[in-house]
Protein chains: 2
Amino acid sequence: MPDTMAAEQDAPGLGPTVTTVVALFTIRDDALHALLVPHGDGSHALPGGAPAPAEGLDAAARRVLATASGAQHVWLEQLYTFGDPQRDPRRAEVAVAWYALVADDRAPHVPGHRATAASPRPADDVAPAAPALSARWWPVTALPPLALDHRRIVDYAIQRLRNKLEYTTVGFQLLPARFTLGELQRVYEAILGRALDKRNFRRRVEVLGIVRPTREMRRTGATRPAQLWRFAATEAPEAIGGPAAPASTSTSSTIATVTTAPVEPLRLARMSPSLRRGPSRTAVAPPDGESLASVTSATTPGHDRGSAA
Amino acid sequence: MPDTMAAEQDAPGLGPTVTTVVALFTIRDDALHALLVPHGDGSHALPGGAPAPAEGLDAAARRVLATASGAQHVWLEQLYTFGDPQRDPRRAEVAVAWYALVADDRAPHVPGHRATAASPRPADDVAPAAPALSARWWPVTALPPLALDHRRIVDYAIQRLRNKLEYTTVGFQLLPARFTLGELQRVYEAILGRALDKRNFRRRVEVLGIVRPTREMRRTGATRPAQLWRFAATEAPEAIGGPAAPASTSTSSTIATVTTAPVEPLRLARMSPSLRRGPSRTAVAPPDGESLASVTSATTPGHDRGSAA
DNA sequence: CCAAAAGTGTTTCGAGTACACCCATGC
DNA sequence: GCATGGGTGTACTCGAAACACTTTTGG
């Protein structure tokens, strides 16, 4: 048994099955929502499916998403692989979990908000082929019971998203091409779950140059019209500087990929009114909930930044 | 095909195989080393193997490590799951990659340093059962050709380790229970690949209280004896405060787990002599090499911090 | 006495954060 | 005219970073 143990032993058939599960998020009504599909009994589940033969894991994730939501341009990142033998009572299954972000306006097939059965609304918002059937947005603050370990996956995805938001520009993936600074700030607030100082937020965003003003204005209701901005990096999809990713991308680029260029990350450590106000010195309790990552030999997911040198 | 698409479709047999691959690191001679096993032709590979039936992925990783290196107390974290259909020419295989850290003195079965065939040294350093055969430490700055996509995995692991080092206390996993501040600093320098300011480093470490002095001193050669310290969190393996991890840990805790308590993370953003000295204002080029994480729809690994709420 | 690592404080600079008022619009 | 969100500047605090010399030991 303990023998030539080279890279990957030749264990013939009968290993665990591989699945792909995706937690897709969007912002609706200034709140973070996740996409769920009904699942057998009363419960719900994340969209998922087994990768087709010769299909990359990421391609599988994209396909699953496109089928369930119609979403085309999604930002997608691998989250964690769950392989606890008990996670599925029926079969041994390894779930490669991903999380994804879409601007609300880019997920065509998904019907209205939280309304459960009250709004039949058969009107197709958009046209692209094969609309999904039952996928729906659920506010992450009021999720229904989820199948298997999906609750855990969603929670972990949210936490990751929250962290990533602070040193990355992923946040922009949740917005349409043009947006107001108010909208941008509300995205951040919705995900981080705390209020941010308007002036500090705007200053930072502008100073970092990750956002460019357009000539357009948006006027909504009874308030002063707002300047429209766009994400600075969403312009030159080619000729990106910076450290290119190594060969890896799946062959079949089934779906166009939202590209973002190297920009300053945002890094809004904490920027809220009077949070954290401990004793003068060390050992102040952790500002938020998590943040500490009390490392207990990370069998529990616990990742960090990356970019692949 | 696009149908009830609930969580995990019932696709019967014949999916990709699942393997576990582990990049184990240690510090030797003030340099980062990775553990490799010979692989068929001239090349080498990361230790790996298929998870046994009903064995969790983490348990599999631990078993693989124990077999290859004899290491018992390893810090282990999942890295990324590689599922590119072409990554293995022979079969479709999904590799769940982990990375791990050991103090040099805790990996018994591994013989001397880089010396390839020059040092037979049959002396068993320690005793525990079933010594591995051919695993060896290789300095990461001079790795031999690696099989499959293992080079990529190692590179990504190093990058992750580097990032994690800056907001976490993983670094201590690479040291024995007692160490001098000089040793600690050299671990950081070896991984980050840059010099750190001695006074700043020491002050931070002490102020954060993540390290406690012992009464012992270490005297080595012709220099002033150094105070020995220990990692503050390695004391109370029970009764850990902080946000506990959710149910997840594999059933069979085959091997004891190095526990670390919630301490301040370290966070030594950058602390080297005259690096980064751009024009007065914004848009200074990124300090290091990577850091930017130019997000190209992260099909490429690109994770972030976490801890599972 | 020389080489080698251990040990020790102060100053500077900038990012992070707190904080309050006027402006443009629709009703 | 009033309610609603858009828009703007300054001062304080604290952590990050730069920087050089003395001490203890073995040979």
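For clarity, every value in this text was computed on a predicted model and none was experimentally measured. Below, read A as the first sequence line, B as the second, and so on, with proteins coming before strands; counting in each chain starts at 1.
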Within less than 4.0 Å of OP1 or OP2 of C:dG7, is there a side-chain N or O belonging to B:R202?
yes
Quick check on C:dG16: is either OP1 or OP2 less than 4.0 Å from any side-chain nitrogen or oxygen of A:R204?
yes
Salt-bridged, B:R194 to B:E189, with N to O below 4.0 Å?
no
Between the side chain of A:T168 and the main-chain N/O of A:V170, is any donor-acceptor distance below 3.5 Å?
no
Between CZ of B:R218 and C1' of D:dG26 the distance, given in whole Å, is 17 Å
Donor-acceptor pair, A:H33 side chain versus A:A31 backbone, under 3.5 Å?
yes
How many Å lie between CE on B:M217 and P on D:dT25, as a whole number?
8 Å
Using nucleotides 24-27 of chain C, report all nitrogen or oxygen pairs with the protein that are shorter than 3.5 Å.
residue: C:dA24; atom: N3; partner: A:R224; partner atom: N; Å: 3.2
residue: C:dT25; atom: O2; partner: A:A222; partner atom: O; Å: 2.6

Establish, with yes or no, whether the OP1 or OP2 oxygen of D:dG9 is under 4.0 angstrom from a side-chain nitrogen or oxygen of A:R199.
no
Atom pair distance, as rounded to whole Å: CD in B:E206 and P in C:dA6
13 Å
A:F201 CZ to D:dT8 P, in whole Å, measures 15 Å
Let me know the distance between CZ of A:F179 and C1' of D:dG6, rounded to the nearest Å.
16 Å
For the residue pair A:F172 and A:F231, categorise the inter-ring angle as parallel (less than 30°), tilted (30 to 60°) or perpendicular (more than 60°).
parallel
Quick one: does A:N163's side chain have a donor or acceptor within less than 3.5 Å of a partner on A:Q159's backbone?
yes
Mind calculating the distance between OH (A:Y188) and C1' (C:dG16) to the nearest angstrom?
16 Å
State which of C:dG7, D:dG9, D:dC19 makes the closest approach to the side chain of B:A226.
C:dG7
When rounded to whole Å, the CG to P distance for the pair A:N200 and C:dA20 reads 13 Å
Per nearest nucleotide of DNA chain D, the residue lying toward the 5' end, B:R203 or A:K198, is A:K198
Can you tell me how far C1' of C:dT11 sits from CG of B:D197, to the nearest Å?
14 Å
Determine the sole option in A:V102, A:L174, A:L101 for which the side chain to side chain contact (heavy atoms under 4.5 Å, CB included) test with A:W75 is passed.
A:L101
Does a side-chain N-to-carboxylate-O contact under 4.0 Å join B:E166 and B:R204?
no
